[in-house]
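Working notes, structure below.
Numbering of residues begins at 1 and proceeds along the displayed sequence. Quick note: numbers below take in every heavy atom, side chains included, and nothing from hydrogens, waters or symmetry partners.
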Amino acid sequence: MKMMKASMRLLQCIATTATLVLASAQRPDTTSAVITGDVMEIPQGRFQYHFHDSSSASSSSSQSCCDSVVMINVGTGMSVQDYGGISRQIVQQDDQRSIVAIVLDSNPSTLMKQDEVEFANLANAIASDLTHVLPTCCTRQPKNGYLIGGHSSGGQAAFDALALSPTPGQPESLLPFH
């Protein structure tokens, strides 16, 4: 009986935490100056970017918002639009550095997001042409580099992509991330 009560309290705590997280993610953010780009599609997949508007940020570290780029691969059954809350939190974390969060979906037509080669191809396509893909904020490659990650099976694909052999000229290697 005591074990059942403890389990119920734990479940209630988890449910309350999940409710608070979802509520904060769904609440419109009226105090920040986070710019969210349109969902963009290139041959390798879809992506959406988020960055803190440098004109309202207290940072004067650079003219570019691309000090660091965080690439997040979507999870199974998810799309790039499902990560707005976490992307806003990422780009608002540090007033001294400008951070861009880019949510990637290398396989938007299916639920499965486990292909590390497709993820690597999309990440490389964006990274190799960053100043063209994000001309609004990225005037150069990020000085602090890229952080690669993902959610659920998309996280596994991102992790597996980092282990690919970095052979020059091979589109499936994550050259800028090694």
ask   = Is the shortest heavy-atom distance from the side chain of Ile72 to the side chain of Leu104 under 4.5 Å?
value = no
ask   = Does Val100 share a hydrophobic cluster with Ile42, counting links as ILVMFWY side-chain heavy atoms below 4.5 Å and allowing steps through other members?
value = yes
query = Does any non-hydrogen side-chain atom of Val69 lie less than 4.5 Å from one of Leu130?
reply = yes
inquiry  = Could you walk me through whether Phe119 and Ile148 satisfy the side chain to side chain contact (heavy atoms under 4.5 Å, CB included) test, starting with their C-alpha distance in whole Å, then the side-chain angles of each, then the deciding distance to 0.1 Å, before giving a yes or no?
reply    = CA-CA 10 Å; Phe119 170 77; Ile148 303 296; 3.6 Å; yes
ask   = Should Phe51 and Leu134 count as side-chain neighbours, where that means a heavy-atom distance under 4.5 Å?
value = no
message = Filter on ring pair (Phe, Tyr, Trp, His ring centres under 6.0 Å), then keep only pairs touching residues 120-145, sequence neighbours left out; what's left?
response = none
task = Provide the full list of ring pair (Phe, Tyr, Trp, His ring centres under 6.0 Å) pairs with a residue in residues 85-118, sequence neighbours left out, each pair given once.
result = none
key: Residue pair Val34 / Gln92, side-chain heavy-atom distance below 4.5 Å   = yes
message = Treating Asn144 as the side-chain partner and Ser68 as the backbone partner, does any N or O pair qualify as donor plus acceptor under 3.5 Å?
response = no
ask   = Can you list the steps and then say if Thr36 with Gln48 is a side chain to side chain contact (heavy atoms under 4.5 Å, CB included)?
value = CA-CA 7 Å; Thr36 299; Gln48 184 175 41; 3.4 Å; yes
Cluster overlap Phe159 with Met78, hydrophobic side-chain contacts below 4.5 Å = no
task = Ignoring hydrogens and angles, tell me if any N or O in the side chain of Ser98 forms a donor-acceptor pair with the backbone of Asp67 under 3.5 Å.
result = yes
query = Ignoring hydrogens and geometry, is there a side-chain-to-backbone donor-acceptor pair from Asp129 to Ala125 under 3.5 Å?
reply = no
inquiry  = Among Asp82, Asn107, Asp105, which residue satisfies the side-chain contact (heavy atoms from CB on, under 4.5 Å) criterion with Val74?
reply    = Asp105
message = Strictly by ring pair (Phe, Tyr, Trp, His ring centres under 6.0 Å), give each pair with a member in residues 90-114 just once, sequence neighbours left out.
response = none
inquiry  = Could you check whether any side-chain N or O of Lys113 sits under 3.5 Å from a backbone N or O of Thr110, counting only pairs where one atom can act as donor and the other as acceptor?
reply    = yes
request  = Would you check, one step at a time, whether the test side-chain hydrogen bond (donor to acceptor under 3.5 Å, both in side chains) holds for Tyr83 with His151?
outcome  = CA-CA 10 Å; Tyr83 294 85; His151 170 234; 2.7 Å; yes
query = Quick one: does Asp38's side chain have a donor or acceptor within less than 3.5 Å of a partner on Met40's backbone?
reply = no
query = So, does Gln156 use its side chain to make a donor-acceptor pair with the main chain of Ser152 at under 3.5 Å?
reply = no
query = Taking Gln141 for the side chain and Ala127 for the main chain, is one N or O donor matched with an acceptor at less than 3.5 Å?
reply = yes
